Amino acid sequence: MFKNPYTALFAWILWVSPVCDFRIAFGQSSAARTFSDSPNEDDRFSFRGEGLGQSQPTAEPKSIAPPDVMNRVLPPFESYPPETAPYFRTPFQAPLGFTGPSSVAPTESQSTDHFVPIEDRWRIGSPTWDRYGKGHPVGDDYPFVQGALCDPFNQNVLKGDFPIAGQDTFLRFQFKQLNLFEYRQTPIPTTPFESSPNPFENEFFGNPNQFFFTQNNSAAFDLFKGDAAFKPVDWRLRMNFIFNQNYLKVQELGVVSPDVRKGTNRHKTDWALEEWFYETKIADMSPNYDFLSVRVGSQPFTSDFRGFIFSDINRGVRIFGNRLSNQDQYNVIFFDQTEKETNSLLNTFEDRHQNTLIMNYYRQDFVFPGYNTELNFHYNRDKASTKFDRNDFLVRPDPVGVFSPHQVDAYYLGWAGNGHINRYNVSHALYYVTGTDELNPIAGQPQTISACMGALELSYDRDWARFRCSYFYASGDSDPNDSRATGFDAIFDNPNFAGGEFSYWNRQQIKLFGVNLVNRQSLLPDLRSSKFQGQTNFVNPGIQLVNTGFDADLTTKLKLITNANYLWFNQTDSLEALVFQNNIRSQIGLDLSAGFEYRPLLNNNVIFVSGLSGLMVGNGFRDLYQPLNGHVSNLAAGFFEAAFEY
């Protein structure tokens, strides 16, 4: 038996052709084609015919002698049993990207020439193709790129593009280095004159110049099961280890440590298991991939669109899901916070004695397509405790006024939105907070909390440019001596608003006699010892801010961000009570900033960010930091950040 019909047909032709006599008859006329042994080429292949109506004898054809090749005996054909027959196979092409070995064991063998079973659907081959004939250079956007083990951009099994087990279990490795170089000028309190770095110094605030460097090296792995591109994962396990080193150089004593013998610079190292959590899906809520899941462990969470109230990584239990084909999303999360390391700001395993409950509900395409809104609730319980940070400064309670351990209970109700309405982009937030403070340090008595905050940003995109304007309001306390605290404060904010990290006021920590006028990565002048380790304080001056900004995509790789903010205090009574000074004016000043973001590879594997900012101080700022001799100078800062990620 011949498996291939073409093979059988060819063998039959070779067998019968030696004895075949080929003739062609044309009615009464005939033409005979004969093969002869004549060496003459014309005689071996000739036509003999008769004229029409003529009768002439036709010569008998010569006998045909088949060539020797036709007389040979064909070798016997090899046949295979059905289970071992070699089926038709195409050449196997390597898949695109770096796939690693397949873990899918074959369960079906080929049984026909028409179908070739390949059960690992992720590693189906693809032909090689160099579209532009350049050899796939790194900087060009190329299709059909063959992968490599250390390729962080194209498909790679090490970053979760191909499963490591079965068809739907993936492992993603992530390595990142973040380097920050920062020069800044901020008011620096001096130590008593007998321990000042220079003789005969008697000012309250000294040399403002500082240099700061920090580097985070992180290594994370993310193991999960499920086709996350189509539906939520079935389960997920993630861990992220970070090693940090940081260096601070100042010009005054008593800044890096209250012990002046430790000088004016500090170098520290730290490591942390920053993220560690397990996530599993509880139930599928509809045929449209609506789900309900739970996540337990140290995890990142931002409670609203811009991070006005809470944005942190800490240990907690989160229940989350969606409904109506993902049009609505919801979260319920309870945090039992751990302490932050003072210099690296990484998590420790020490209990913070603070609990936070957050619930929010999102609706996409609310009224207008592209506009999203949310309602949220926060409850923060900061228990009474005493804490000295790693540099031996007191951070709980705040070292001002009546600093005695006290508990703060605050309840936040909020509404926020983000998106676009036709051609106009809009982002807004409105919050009200109530609760109690057992013993506020500045007021020196228990407080009933009642404060509010509002923010609005409008922007318009025109081709490669965005024009922005925004307004921010946080209520202040007009009477620090009563029992009602009306200054607004957040739990752990990190607002991306009015310039964000490029803004001088938002980026810098400005100290004021044991507390901070404003904390790093915050807009609120809350007079706390530390946003990261101190307690919320609702006896503060509040703030108003008006912003205008311009963003431009100068090239596909380079983006420009510019901002101008004018700031002033709402109420200065709490400042007057803190510094024992009357008639403090409200103007903080004009904050000007500009920055660049550069992505040389058109992705997030390499990002360079730099910025320059300055504060042209106003009358209120001068009143707070006025020296005995001279005047308050304008302040400046600059930074450069380089991030490398695999």
Side-chain angles (χ1 to χ4, degrees), residues 301-311 322 324-331 360-376 414-431 452-474 490 493-507 521-524 543-567 590-599 602-604 607 609 611 613:
F301 188 76
T302 300
S303 62
D304 63 16
F305 297 108
R306 294 299 186 98
F308 286 120
I309 305 299
F310 185 93
S311 180
N322 62 354
L324 301 179
S325 300
N326 200 37
Q327 185 177 11
D328 294 3
Q329 297 101 37
Y330 50 87
N331 294 275
N360 58 25
Y361 193 94
Y362 293 86
R363 164 59 66 94
Q364 298 187 72
D365 297 331
F366 180 71
V367 181
F368 302 96
Y371 170 73
N372 308 320
T373 189
E374 73 159 312
L375 296 173
N376 58 49
W415 170 53
N418 191 74
H420 66 87
I421 300 176
N422 297 324
R423 287 291 303 274
Y424 297 94
N425 306 306
V426 58
S427 182
H428 64 83
L430 183 65
Y431 284 95
C452 61
M453 186 221 83
L456 174 66
E457 179 183 283
L458 300 175
S459 64
Y460 182 79
D461 294 332
R462 186 169 181 82
D463 197 10
W464 48 269
R466 168 170 289 191
F467 304 89
R468 291 182 287 105
C469 64
S470 57
Y471 173 72
F472 181 82
Y473 173 89
D493 60 331
N494 185 12
N496 180 16
F497 192 80
E501 64 176 339
F502 298 97
S503 162
Y504 180 92
W505 179 263
N506 191 351
R507 187 179 185 89
Q521 300 170 347
S522 179
L523 293 172
L524 301 169
I543 193 173
Q544 294 189 61
L545 178 153
V546 175
N547 162 269
T548 182
F550 172 73
D551 303 339
D553 292 322
L554 302 180
T555 70
T556 56
K557 300 178 180 181
L558 183 64
K559 182 176 182 179
L560 169 69
I561 303 98
T562 62
N563 288 276
N565 301 329
Y566 185 72
L567 311 96
L590 180 63
D591 176 3
L592 301 174
S593 63
F596 292 93
E597 180 182 287
Y598 179 59
R599 301 186 305 153
L602 293 174
N603 55 46
N604 293 332
I607 302 179
V609 181
S613 61

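Remember, predicted model here, so these are calculated numbers, not experimental data. Count residues from 1 along the sequence.
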Inset, instruction - Evaluate the criterion ring-ring contact (aromatic ring centres under 6.0 Å, His included) for residue pair Y424 and Y460; output intermediate values, then yes/no. - result: CA-CA 5 Å; Y424 297 94; Y460 182 79; 5.4 Å; yes
Legend entry - Under 3.5 Å side-chain donor-acceptor pair for Y471 and Q544: yes
Inset, instruction - Compare every heavy atom of G370 with every heavy atom of D365, then report the nearest pair and how far apart it is. - result: OD1-N, 2.8 Å
Inset, instruction - For N331 and N360, indicate whether the former's side chain and the latter's backbone hold a donor-acceptor pair under 3.5 Å. - result: no
Inset, instruction - Decide if the gap between the ring center of F308 and the ring center of F497 is smaller than 6.0 angstrom. - result: yes
Inset, instruction - Determine whether the side chains of S593 and S613 contain a donor N or O and an acceptor N or O closer than 3.5 Å. - result: no
Legend entry - Reference residue R468; test side-chain hydrogen bond (donor to acceptor under 3.5 Å, both in side chains); the match among T562, T548, D551: D551
Legend entry - Flag, side chain of N506 to backbone of G500, donor-acceptor distance under 3.5 Å: yes
Legend entry - For the student: nearest non-hydrogen atoms of D591 and S503, plus distance: OD2-OG, 2.5 Å
Legend entry - Whether W505 side chain and L523 backbone form a donor-acceptor pair below 3.5 Å: yes
Legend entry - Spatial distance of atom CH2 (W415) from atom CG (L375) [nearest 0.5 Å]: 9.0 Å
Legend entry - CA sep, side-chain torsions, deciding dist, call: N563, L592, side chain to side chain contact (heavy atoms under 4.5 Å, CB included): CA-CA 6 Å; N563 288 276; L592 301 174; over 6 Å; no
Inset, instruction - Please report the closest heavy-atom contact between T302 and G307, naming both atoms and the distance. - result: CG2-CA, 3.8 Å
Legend entry - Spacing of E597 atom CD and I561 atom CD1 [to the nearest 0.5 Å]: 6.0 Å
Inset, instruction - Mind checking the CG-CD spacing from N372 to Q364? Nearest 0.5 Å is all I need. - result: 5.0 Å
Inset, instruction - Verify, without hydrogens or angle tests, whether T555 (side chain) and K557 (backbone) share a donor-acceptor contact under 3.5 angstrom. - result: yes
Inset, instruction - Check the side chains of D461 and N425 for a donor-acceptor pair under 3.5 angstrom, ignoring hydrogens and angles. - result: yes
Inset, instruction - Working to the nearest 0.5 Å, report the span between NZ of K559 and CZ of R599. - result: 9.0 Å
Inset, instruction - Calculate, to the nearest 0.5 Å, the distance between atoms CG and CZ belonging to D493 and F310 respectively. - result: 11.0 Å
Legend entry - Distance-minimising heavy-atom pair for E374 and S303: OE1-O, 3.2 Å
Legend entry - side chain to side chain contact (heavy atoms under 4.5 Å, CB included) evaluation trace for Y473 with C452: CA-CA 8 Å; Y473 173 89; C452 61; 4.0 Å; yes
Inset, instruction - May I have the step-by-step check of ring-ring contact (aromatic ring centres under 6.0 Å, His included) for Y362 and F305, ending in yes or no? - result: CA-CA 10 Å; Y362 293 86; F305 297 108; 5.5 Å; yes
Inset, instruction - Give, for atom CD of E457 and atom NE2 of H428, the distance between the pair rounded to the nearest 0.5 Å. - result: 12.0 Å
Inset, instruction - Over all heavy atoms of both residues, which pair between L545 and A498 is shortest? Give the atoms and the distance, please. - result: CD2-CB, 3.7 Å
Inset, instruction - Side-chain contact test, heavy atoms from C-beta onward, threshold under 4.5 Å: evaluate it for D553 versus D463 and give yes or no. - result: no
Legend entry - Residue F366 excluded, over 12 heavy atoms near CZ under 6.0 Å: no
Inset, instruction - State, yes or no, whether a side-chain contact exists between S459 and R466 at a heavy-atom distance under 4.5 Å. - result: yes
Inset, instruction - Search all heavy atoms of S427 against all heavy atoms of N418 and return the closest pair with its distance. - result: OG-OD1, 3.0 Å
Inset, instruction - Indicate whether any N or O donor in one side chain lies under 3.5 Å from an N or O acceptor in the other, for N565 and N547. - result: yes
Legend entry - Validation row: V609, F502 side chains within 4.5 angstrom (heavy atoms): yes
Legend entry - L560 and F596, any side-chain heavy atoms less than 4.5 Å apart: yes
Inset, instruction - May I ask you to check whether Y431 and N376 show a side-chain donor-acceptor distance below 3.5 Å? - result: yes
